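Read through the structure below, which is laid out as structure tokens, and then see the notes.
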2 protein chains.
Amino acid sequence: MPPRSGQAHELTTVDGLAQLSFLIYQLLERRAAAHDLSIVQTRLLGVLRDRRPTMNELGRLLSLDKSSVSGLVDRAERRGLVERSPSPQDGRAVLVSLTDQGRAIVADVAPRFGEDVAELLAPLSASDGRALSRIVSRALVAHAEEQGIDLFPAVPVDRRR
Amino acid sequence: MPPRSGQAHELTTVDGLAQLSFLIYQLLERRAAAHDLSIVQTRLLGVLRDRRPTMNELGRLLSLDKSSVSGLVDRAERRGLVERSPSPQDGRAVLVSLTDQGRAIVADVAPRFGEDVAELLAPLSASDGRALSRIVSRALVAHAEEQGIDLFPAVPVDRRR
DNA sequence: TATTGTTATACTCTATAACTATA
DNA sequence: TATAGTTATAGAGTATAACAATA
């Protein structure tokens, strides 16, 4: 039986966060679909926005096997969204970067997705909106510290190797 | 440049919610993988926990085409997790429900996932935790109302049609 | 005629295993 | 030998289109 809170139903914390996650996931999915992109392709472009990783690093960033990365980059490259170049440092390594076309898509999708999220939060009061942002940020920062992850990379705009 | 808030970094609302979503998504994915289940299969089982929908309704609940639902249910049925039965009301319709085995998996995954989420929120103060739950719930309820979706089905434990 | 569901088909996405080339 | 990446293969997941059965 769902608990009541005042006159309206309230979800449990877990159910609420799970549903919120799926919802936000779908918002991004829908915006990506406007460019005929899957979520994974979109994450690929997003990750490349401020990085120029090797295939290997890309696998770690996206939590994918190297063979999955090969296929992913193949399809993105075939569509002209990313490009491969040989690493000057390591004859075995391959660097992946956005093309202008890929960058244009990121520049289009990102703000629209931002609007979607803003719209989702529009029914909240201003103070609830601020509180949500602060609390979520706090939880993520604590989690990142525990995992030894840097949430705020130095943003190497044009790092070459 | 990321804004500062006191001594710690704070993410933008959009970035924070997006990251939180992917994180929660991954938590569920990891728990599901322990049963060799994909996220989609897990969502299928979760949706069936308190429903006995037709294939058609299932498609709406999971935002999938009917042909995708056919394949999804095929694979779950082959593994003994769900079962199809003819609708007594409509000769064309097919009802889908959990088997005991499917129910057992839900009963195992749900609390573990709940613990993962609780752990993620553990660094928050008690009042922040409550506020997060309340605010998220509020946003989801408002969104569901706008979309004409019922977040709280009447929980038909043993509804036959 | 319209709706429910399945099937055929094609593509994306993913991992494992075997392979090539470089370190 | 070890590492970086690709390829072959197999399977899940998805949608479109065509179809059969029922309403």
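Just so we're on the same page: letters track the sequence lines, and every chain starts at 1. Keep in mind that this is a model prediction, so the values were computed, not measured.
- For C:dT12, the base has no donor-acceptor partner in the side chain of A:R75 [N/O atoms by modelled type, under 3.5 angstrom].
- For A:L45 and C:dT12, the CG to C1' distance is 15 Å, given to the nearest whole Å.
- Among residue pairs with one or both ends in residues 71-93 of chain A, none qualify as ring-ring contact (aromatic ring centres under 6.0 Å, His included); sequence neighbours excluded.
- For A:Q89, no side-chain nitrogen or oxygen approaches OP1 or OP2 of C:dA23 to under 4.0 Å.
- In this structure, the side chain of B:T99 engages the main chain of B:L81 through a donor-acceptor pair within 3.5 Å.
- Atom CE in B:M55 sits about 18 Å away from atom P in C:dT3, given to the nearest Å.
- In this structure, B:L58 places its CG atom 17 Å from C1' of C:dT3, rounding to the nearest Å.
- Between A:Y25 and B:Y25, the ring planes lie parallel to each other; the angle is under 30°, not in the 30° to 60° tilted range.
- Nucleotides of DNA chain C nearest to A:R79 and B:N56 differ in position, and the one nearer the 5' end is that of B:N56.
- The distance from atom OH of A:Y25 to atom C1' of D:dT14 is 13 Å, rounded to the nearest whole Å.
- One atom, CG of B:D36, and another, P of D:dG11, lie 14 Å apart when rounded to the nearest Å.
- When rounded to the nearest whole Å, the span between CZ of A:R92 and C1' of D:dA4 equals 6 Å.
- Atom CD of B:E57 is separated from atom C1' of C:dG5 by 13 Å (rounded to the nearest Å).
- Using a distance-only test at 3.5 Å, with no hydrogens or angles considered, a donor-acceptor pair links the side chain of B:S137 to the main chain of A:L11.
- The CG atom of B:L44 sits 10 Å away from the P atom of D:dT14 (whole-angstrom rounding).
- Under a cut-off of 6.0 angstrom, the local environment of CZ in B:R30 is sparse, with at most 12 non-hydrogen atoms contributed by other residues, nucleotides or ligands.
- Within residues 64-74 of chain A, the residues that have a heavy atom under 4.0 Å from DNA chain D are, in order of number, A:K66, A:S67, A:S70.
- The residue among A:D90 and A:L37 whose nearest nucleotide of DNA chain C is located toward the 5' end is A:L37.
- Across all strands shown, B:R84 has heavy atoms under 4.0 Å from sugar-phosphate atoms exclusively, and none from any base.
- When the shell of 6.0 Å around CZ of A:R112 is examined, it contains 12 or fewer heavy atoms from other residues, nucleotides or ligands.
- The number of heavy atoms from other shown groups lying within 6.0 Å of CD (A:E119) does not exceed 12.
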